[in-house]
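What follows is one structure encoded as structure tokens, with my remarks underneath.
Not measured: the values here are computed from a predicted model.
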Amino acid sequence: MNIAILSGSARANNNTIRVGKAIQLRLNTLGHTTSLVDFQHYDIPLINQGPVIESAFTSFQQQLAHAMKEAQAIILITPEYNWSTTPEILNFLHRLGDRTFKHLFEEKVFATVGVSTGKGGKAPALHLHTILNKIISFTDLNSFVSAKIFESHFTKEVLDESGNSLGNAQYDAGLDDFIQYTLRVTQRWNS
């Protein structure tokens, strides 16, 4: 299975990329093909800064579009940013979640992860559910948003910078459960 992992924080040394790397490590171990897109390289213009044109994509935009196009499942990882998702994820969804780029969202299973330095992460993941379902409905897509959310609590205490587990059995079991659920739903959706 081909899975795109979108790490939606533009901050340097963020926790979101740790979770993205952890998911990628686990999926690769299971034999899946993964693409990890790091939003630290984000450069999608705001609506008043000009159009997004596929034939003029930047390197980041090409990587993002290619990862989404090839994937059967897309895992969006967002830090909790003022009880919502990041401005970069919101702008990405507003700019690419329209009829022009709907092919990037077609025939996909979307799964969401919320990341926190403490306890939290559910609110931005739920916000993503609402936006993704609106994109699917508005552009009349045959796609699906998975019901299972993973909340990455105390991320720096459970994952190192490379996404390796620091030995928290409860965290590891929860992440593995989220991954297995996402794989089962994607396999069923694509059958």
With the side chain counted from C-beta on, respond yes when [X] and [Y] share a heavy-atom pair under 4.5 Å apart, and no when they do not.
X      : Y      : answer
Asp38  : Phe60  : no
Leu93  : Thr85  : no
Ile75  : Ile179 : no
Thr100 : Val52  : no

Pair Lys119-Glu151, side-chain contact (heavy atoms from CB on, under 4.5 Å): steps then yes or no: CA-CA 8 Å; Lys119 277 197 128 212; Glu151 298 172 54; over 6 Å; no
Who are the side-chain contact (heavy atoms from CB on, under 4.5 Å) partners of [X], not counting sequence neighbours?
X      : answer
Arg188 : none
Asn14  : Ser7, Ser9, Arg11, Thr16, Ile17, Gln40
His103 : Glu54, Phe101

Exercise: identify the closest heavy-atom pair between [X] and [Y]:
X      : Y      : result
Leu166 : Glu157 : CD1-O, 3.7 Å
Ser165 : Asn168 : OG-N, 4.1 Å
Arg99  : Phe138 : NH1-CZ, 3.3 Å
Tyr171 : Ser152 : OH-OG, 2.7 Å
Ala67  : Val37  : CB-CG2, 3.8 Å
Phe39  : Ile89  : CE2-CG1, 4.1 Å

When you check the side-chain N and O atoms of Glu107 and Asn142, is any donor under 3.5 Å from an acceptor? yes
Exam field: side chain [X] to backbone [Y], donor-acceptor pair closer than 3.5 Å:
X      : Y      : result
Glu80  : Gly121 : yes
Gln72  : Asn2   : yes
Asn15  : Ser116 : no
Lys102 : Leu141 : no
Gln61  : Asp43  : yes
Thr139 : Ile135 : yes
Thr86  : Gly8   : yes
His153 : Thr117 : no
Asn164 : Asp160 : no

Neighbour count >12 (heavy atoms, 6.0 Å) for atom [atom1], [X]:
X     : atom1 : answer
Tyr81 : OH    : no
Glu70 : CD    : yes
Gln49 : CD    : yes
His32 : NE2   : yes

Spatial distance of atom [atom1] ([X]) from atom [atom2] ([Y]) [nearest 0.5 Å]:
X      : Y      : atom1 : atom2 : answer
Ile136 : Lys108 : CD1   : NZ    : 11.5 Å
Ser35  : Leu64  : OG    : CG    : 10.5 Å
Ile149 : Leu126 : CD1   : CG    : 4.0 Å
Ser146 : Leu132 : OG    : CG    : 11.0 Å

Hey, can you pull the donor-acceptor pairs under 3.5 Å for the side chains in residues 21-31, sequence neighbours left out?
residue, atom, partner, partner atom, Å
Lys21, NZ, Glu161, O, 3.4
Gln24, NE2, Thr34, OG1, 3.1
Arg26, NE, Asp176, OD1, 2.7
Arg26, NH2, Asp172, OD1, 3.3
Asn28, OD1, Thr34, OG1, 2.8
Asn28, ND2, Gln24, O, 3.4
Thr29, OG1, Leu25, O, 2.8

side-chain contact (heavy atoms from CB on, under 4.5 Å) for Phe144 and Thr186? Distances and angles first, verdict last. CA-CA 9 Å; Phe144 176 77; Thr186 304; over 6 Å; no
Residues His127, Ser84; criterion side-chain hydrogen bond (donor to acceptor under 3.5 Å, both in side chains); working and verdict: CA-CA 7 Å; His127 190 192; Ser84 185; 2.5 Å; yes
Please determine whether residues [X] and [Y] belong to a single hydrophobic cluster, defined as Ile, Leu, Val, Met, Phe, Trp and Tyr linked transitively by side-chain heavy-atom distances below 4.5 Å.
X      : Y      : answer
Met68  : Leu36  : no
Ile5   : Met1   : yes
Ile131 : Ile77  : no
Ile3   : Val185 : no
Val145 : Ile74  : yes

For Val113, the option from Leu175, Val19, Leu76, Leu6 that meets side chain to side chain contact (heavy atoms under 4.5 Å, CB included): Val19
Carefully, step by step, assess Phe150 and Thr182 under the rule side-chain contact (heavy atoms from CB on, under 4.5 Å). CA-CA 10 Å; Phe150 181 69; Thr182 301; over 6 Å; no
Using ring-ring contact (aromatic ring centres under 6.0 Å, His included) as the criterion, list what pairs up with Phe110, not counting sequence neighbours. Phe105
Contacts satisfying salt bridge (charged side-chain N to carboxylate O under 4.0 Å, His left out) that involve residues 122-149 (not counting sequence neighbours) are Lys148-Asp177
